[in-house]
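Since we're looking at a predicted model, the values are computed, not measured.
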Amino acid sequence: MLLRGLLGPGAAAWSAISGLRGMVLLLCVGGAVWASEITFELPDNAKQCFYEEIAQGTKCTLEFQVITGGHYDVDCRLEDPDGIVLYKEMKKQYDSFTFTASRNGTYKFCFSNEFSTFTHKTVYFDFQVGEDPPLFPSENRVTALTQMESACVSIHEALKSVIDYQTHFRLREAQGRSRAEDLNTRVAYWSIGEAIILLVVSIGQVFLLKSFFSDKRTTTTRVGS
């Protein structure tokens, strides 16, 4: 299964943010589960769609989050091979949706920023297809696992949780950094504006006070008879 991305109007390049993978990451564990993580730029008035071949009965999970741009929201839409809408949300900052494929075919999910006229967004999504296979062949058997096998399974599950937590913390860190930089830029511009206004007012007051204390000389003209 290969995930393919179609760029919307004006989307010319992929860009990565600090601490996040900005390229397609395909992980295959035992040939049973695929996961795709992408961070991409979504320009204003643009729409970007992705397609994935999924077999019937496969459990899938789509999770996304807007990291930078505007009000940190985006439209998301997921369709099955027949064009039936399975998921649709408008102006969402983040969300997660799990479904089971009802038939074989190409499933399509799109992110839209068409409602924004001048603000581009940075969007992250994680699309998981399938479930993790058992760590040991004997895990699904009736017989109990050995102590070492049970410990390995517990460690494996804990490591998966750590990876998920790390991803979410990196997303929050990137979003917080973006908001802090945006706030810093606004404060800087506001400070420069206040400084200019203060300078103009000060100069005006100096000239006004100078006009109050300046000597006014009157000229008298004598007209001879």
Side-chain angles (χ1 to χ4, degrees), residues 5-25 37-50 62-77 88-96 109-126 164-225:
L6 296 183
L7 295 178
W14 298 93
S15 67
I17 61 176
S18 175
L20 291 177
R21 290 180 289 271
M23 60 182 68
V24 180
L25 177 62
E37 294 184 65
I38 295 181
T39 303
F40 64 97
E41 293 267 349
L42 186 60
D44 52 284
N45 294 315
K47 180 179 179 181
Q48 186 160 332
C49 296
F50 301 87
L62 173 63
E63 182 178 2
F64 68 91
Q65 180 174 344
V66 181
I67 303 172
T68 63
H71 297 288
Y72 302 91
D73 53 0
V74 73
D75 297 341
C76 183
R77 182 186 181 99
K88 180 180 180 181
E89 289 291 341
M90 311 294 290
K91 296 184 177 181
K92 292 285 290 187
Q93 294 184 349
Y94 58 89
D95 203 3
S96 178
F109 56 98
C110 300
F111 298 96
S112 175
N113 192 30
E114 296 174 323
F115 59 86
S116 179
T117 55
F118 58 87
T119 304
H120 75 278
K121 311 289 177 62
T122 302
V123 184
Y124 162 87
F125 76 84
D126 179 12
D164 291 337
Y165 280 123
Q166 284 181 337
T167 300
H168 287 293
F169 282 137
R170 287 172 179 171
L171 290 173
R172 291 179 182 178
E173 187 271 338
Q175 190 177 71
R177 180 184 302 173
S178 174
R179 290 182 176 180
E181 291 177 351
D182 181 59
L183 180 61
N184 180 67
T185 301
R186 293 184 181 183
V187 171
Y189 285 143
W190 180 259
S191 300
I192 293 174
E194 285 186 331
I196 294 175
I197 293 175
L198 182 61
L199 180 62
V200 171
V201 171
S202 300
I203 295 175
Q205 288 179 343
V206 169
F207 280 102
L208 182 62
L209 291 175
K210 184 178 179 181
S211 66
F212 288 159
F213 294 99
S214 61
D215 294 333
K216 296 182 178 179
R217 298 179 179 180
T218 57
T219 303
T220 304
T221 304
R222 295 182 179 181
V223 179
S225 54

Can you sort out the partners of Y189 under side chain to side chain contact (heavy atoms under 4.5 Å, CB included), two or more places apart, ordered by chain and number?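 In terms of side chain to side chain contact (heavy atoms under 4.5 Å, CB included), with neighbours along the sequence ignored, Y189 is linked to T185.
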Identify the heavy atoms of [X] and [Y] that sit nearest to each other, and give their distance.
X	Y	answer
Q175	I67	CG-O, 3.4 Å
N113	D44	ND2-CA, 3.5 Å
L42	S112	CD2-C, 3.9 Å
C76	L62	SG-CD2, 4.1 Å

Rounded to the nearest 0.5 Å, what separation is found between the [atom1] atom of [X] and the [atom2] atom of [Y]?
X	Y	atom1	atom2	value
F109	R77	CZ	CZ	14.5 Å
K91	D75	NZ	CG	7.5 Å
L208	I203	CG	CD1	13.5 Å
N45	K47	CG	NZ	13.5 Å

Ignoring hydrogens and angles, tell me if any N or O in the side chain of K121 forms a donor-acceptor pair with the backbone of D73 under 3.5 Å. yes
Can any side-chain N or O of Q93 pair as donor or acceptor with the backbone N or O of V66 at less than 3.5 Å?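 Checking the backbone N and O of V66 against the side chain of Q93, no donor-acceptor pair under 3.5 Å is found.
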Between R177 and E181 (salt bridge meaning N to carboxylate O under 4.0 Å), is one present in this structure? no
Would you say the SG of C49 sits less than 2.5 Å from the SG of C110? yes
Would you say that [X] contacts [Y] through its side chain, given a criterion of any heavy-atom pair below 4.5 Å between the two side chains?
X	Y	result
S178	Y72	yes
S202	V206	no
T167	D126	no

Which residue pairs pass the salt bridge (charged side-chain N to carboxylate O under 4.0 Å, His left out) test when at least one of the two sits in residues 184-208, sequence neighbours left out? D182-R186
Parallel, tilted or perpendicular: ring planes of F40 versus F111, cut at 30 and 60 degrees: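 Answer is tilted, since the angle falls between 30° and 60°.
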Take a 6.0 Å sphere around CZ of R179 and say whether it holds more than 12 heavy atoms from other residues, nucleotides or ligands.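 More than 12 heavy atoms, drawn from other residues, nucleotides or ligands, come within 6.0 Å of this atom.
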Would you say that more than 12 heavy atoms from the other residues, nucleotides or ligands in this model lie under 6.0 Å from the OH of Y94, or not?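 For Y94, atom OH is not crowded (no more than 12 foreign heavy atoms under 6.0 Å).
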Output, in order, the C-alpha distance, side-chain angles, deciding distance and verdict of side-chain contact (heavy atoms from CB on, under 4.5 Å) for Q48 and V123. CA-CA 11 Å; Q48 186 160 332; V123 184; over 6 Å; no
Test: R170 cationic atom under 6.0 Å from Y124 six-membered ring centre, within 45° of axis: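 No; the conditions do not both hold, so R170 does not lie above the ring face of Y124.
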